*Asks:* 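Sending over a structure as structure tokens; questions will come in a sec.
Throughout, numbering of the chain's residues begins at 1 and tracks the sequence. The model shown is predicted, which means the values in this text are computed figures rather than measured ones.
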Amino acid sequence: MSQISLTFPDGNARDYEAGVTPAEVASGISNSLAKKAISATVNGAHWDMQWPIPSDASIAIHTLKDDEQALELIRHDCAHIMARAVQEIWPDVKVTIGPVIENGWYYDFDRAEPFSTEDLAEIEAKMREIINKREPVRTEVWDRPRAVQHYTDNNEPYKVELIDAIPGDEPLRMYWHGDWQDLCRGPHLQHTGQVPGDAFKLMSVAGAYWRGDSNRAMLQRIYGVAFKNKNDLKSHLHMLEEAAKRDHRKLGREMSLFHMQEEAPGQVFWHPNGWTVYTELQDYMRRQQRRGDYVEVNTPQVVDRKLWEASGHWDKYQENMFIVEVDEDHAREKAVNALKPMNCPCHVQVYNQGLKSYRDLPLRMAEFGSCARYEPSGALHGIMRVRGFTQDDGHIFCREDQIESETAIFIAFLSRVYADLGFHDWTIKLSTRPEQRIGSEESWDFAEKALGDACNAAGYEFEILEGEGAFYGPKLEFTLTDAIGRTWQCGTLQVDPNLPERLDANYVGEDGAKHRPVMLHRATLGSFERFIGILIEEHAGKLPFWIAPRQVVVAAIVSDADEFCVEAVEALKAVGVRAEADLRNEKINYKVREHSVGKVPVILAIGRREVEERTVTLRRLGEKQTKVLPLDEVIEMLRTDAIPPDLR
């Protein structure tokens, strides 16, 4: 056998016979490592402990301490162990496919009757039984005829179809977890006992078509989650409970903010309460943009295809655009337009009106632009993922030598906005040149360096996402972390030298010649719809007082207090507080409970004593304690609370 050299993370190298497996390498290092090992990385590829290594390579052996590799394998093995458990309990059930997904896995089954909650508990118990057996996981490579014959003999038609879909030159790898076998690319753990038996849970059952074909019978998909230990699982389940409580769709109904309906899929019907939140947020952003020397514009929503062809969107983005055909004057050919999916080409049209000088740059242009993008119906999610939305969109036209300074200014702008809105934990990611791109390497070098230098100058660290930039330029992505640890990518800044070129934008330089400006696409919140959804979930509906749609309810305890209630409401309104009276003939506890469900921040209760003393009993949302205070004092306190943070 020929010799190969394997280089370890510490730089040391050892010689082995070609075809050595990571399991054999680990055994040669120590028995302890051989027992703890779960997989390897060989030349950057995740490698099963049983796969032979054919030639010289770098190698790293992984254990359950290595989060990325461990979680992938735990979840992958759970999928196989679950499928085995199902077939051991119900031998006639046919298995199909079961990939790893975020936080867990799913597996699709062909079973006549639906799985029940009791079934999931039985499957979990069987999975733990299999895990406790600590049975070995082994693998072989088979040729196609052997694999097809095996699955045909065992009446597994879905596996035969999978084999037919695999490219002809790809090896067919078989895996056994104990005596149970499945077709899988791998890698997997060394034995079933390496799966933590107390760190997984089956979550739900859903319908799914085989390979997305709605003409086929519906399968049943079981979802599960898995982690490295019981505490991580507990934390995840707690996060899911919190997320369910904070679901913006549920709170949107309880607070009467908005609704969606079939006649307008992916579009929002804003109720008065929700529109109050929307306009308060828009007014706040308008003030920030004015302070940031932005000029605000408004551009058409329906634009002829000629502009989209010139910008490149017709070729690269048409499948996400809503096309509008107009029969103008009964012409033989209808005019083809599109609802704008983004505002950038229209902003270039505004920029192009009139001659621009280098002295005019940077020109910061903003629009609360209403856009429409086609999203598949299955991807729609409340107001978080919609087809009609409004962006706090902006484009900065500048010279190349202004990219770094404009980036730093925008980061400072975004930082202030996020702080005002209660988000202090956010990160930056720099997405660099993708394989398919336009522009010279020099221009990419310059733009990427400018973005990185601007982050450094502003004192912010950033993560590099190799190859994730837009085809026309690199970008910064700003990601928020919410109160329960979820991340949301909201803000973005993209460098684009391409669109000004395509749409013939220019300026007169100091040398008297025409030059192309660079276009910086930037958004702070992203879409108002999505950001409001994030705000609702961040605060579990208990929005900051200044942006809460219903700020104060003044509730009468007895009818004798009605007149004073109305007086209090009018006084609050006079100082800019959104207040309303509740004079219904209902008990005060009923009123408090109802308005608390509606997430009203402050309830002022007034009875006979309060009328006599010109006081109110103040109750804040979420607090059990109440305070009896003079009305004038409460009005001044709430007037201050109602002032937006940027105006205090």
*Asks:* In terms of the angle between their ring planes, are Phe413 and Tyr294 parallel, tilted or perpendicular, with boundaries placed at 30° and 60°?
*Replies:* tilted

*Asks:* Look at atom CD of Gln436 and say whether more than 12 heavy atoms of other residues, nucleotides or ligands are closer to it than 6.0 Å.
*Replies:* no

*Asks:* Taking NZ, NE, NH1 and NH2 as the nitrogens, is one of them in Asp420 or Arg287 under 4.0 Å from a carboxylate oxygen of the other?
*Replies:* no

*Asks:* Could you measure the distance from the CE atom of Met384 to the CD atom of Glu529? Nearest 0.5 Å is fine.
*Replies:* 12.0 Å

*Asks:* Going by an N to O cut-off under 4.0 Å, is there a salt bridge joining Glu477 and Lys475?
*Replies:* yes

*Asks:* Using 30° and 60° as the class boundaries, would you call the ring planes of Phe531 and Tyr418 parallel, tilted or perpendicular?
*Replies:* parallel

*Asks:* Taking atom types as modelled, find out whether Glu367 and Thr299 have a side-chain donor-acceptor pair closer than 3.5 angstrom.
*Replies:* yes

*Asks:* Taking the inter-plane angle between the rings of Trp270 and Trp275 on a 0 to 90° scale, is it parallel (under 30°), tilted (30 to 60°) or perpendicular (over 60°)?
*Replies:* tilted

*Asks:* Using atom types as modelled and distance alone, determine if a side-chain donor or acceptor of Arg387 lies under 3.5 Å from a backbone N or O of Cys371.
*Replies:* no

*Asks:* So if I apply the ring-ring contact (aromatic ring centres under 6.0 Å, His included) rule between Phe368 and each of Tyr284, Tyr278, Phe528, which one comes out positive?
*Replies:* Phe528

*Asks:* Quick one: salt bridge (charged side-chain N to carboxylate O under 4.0 Å, His left out) partners of Lys316, sequence neighbours excluded?
*Replies:* none

*Asks:* Hey, is Arg486 close enough to Glu537 for a salt bridge, meaning N to O under 4.0 Å?
*Replies:* yes

*Asks:* Quick test of your reading of the model: are Glu325 and Arg305 salt-bridged, counting only N-O distances below 4.0 Å?
*Replies:* no

*Asks:* Between His259 and Gln261, is the side-chain hydrogen bond (donor to acceptor under 3.5 Å, both in side chains) condition met? List the steps.
*Replies:* CA-CA 7 Å; His259 80 275; Gln261 63 187 61; 2.7 Å; yes

*Asks:* Between Phe545 and Arg639, is there a cation-pi geometry (under 6.0 Å to ring centre, at most 45° from the normal)?
*Replies:* no

*Asks:* Does atom CZ of Arg359 have more than 12 heavy-atom neighbours from other groups under 6.0 Å away?
*Replies:* no

*Asks:* Checking Glu538 against Trp488: is there a side-chain donor and acceptor pair closer than 3.5 Å?
*Replies:* no

*Asks:* Quick one: does any side-chain atom of Ser357 pair with a main-chain N or O of Asp360 as donor and acceptor, under 3.5 Å?
*Replies:* no

*Asks:* May I ask you to establish whether Arg221 and Tyr106 are in a cation-pi arrangement, using a distance under 6.0 Å from NZ or CZ to the six-membered ring centre and at most 45° from the ring axis?
*Replies:* yes

*Asks:* Answer yes when Glu441 and Arg437 have at least one side-chain N-carboxylate O distance shorter than 4.0 Å, and no when they do not.
*Replies:* yes

*Asks:* Regarding Asp646 and Gln288, is there a side-chain donor-to-acceptor distance under 3.5 Å anywhere?
*Replies:* yes

*Asks:* Here's a test for you: under side-chain hydrogen bond (donor to acceptor under 3.5 Å, both in side chains), which of Gln551, His595, Arg550, Lys573 qualifies with Glu580?
*Replies:* Arg550

*Asks:* Please determine whether a side-chain nitrogen of the Lys or Arg among Glu242 and Lys245 lies less than 4.0 Å from a carboxylate oxygen of the Asp or Glu.
*Replies:* yes

*Asks:* Tyr351 ring centre to Lys356 NZ or CZ under 6.0 Å, with the angle to the axis within 45°?
*Replies:* yes

*Asks:* Under a 4.0 Å N-O cut-off, is there an ion pair linking Asp582 with Arg584?
*Replies:* yes

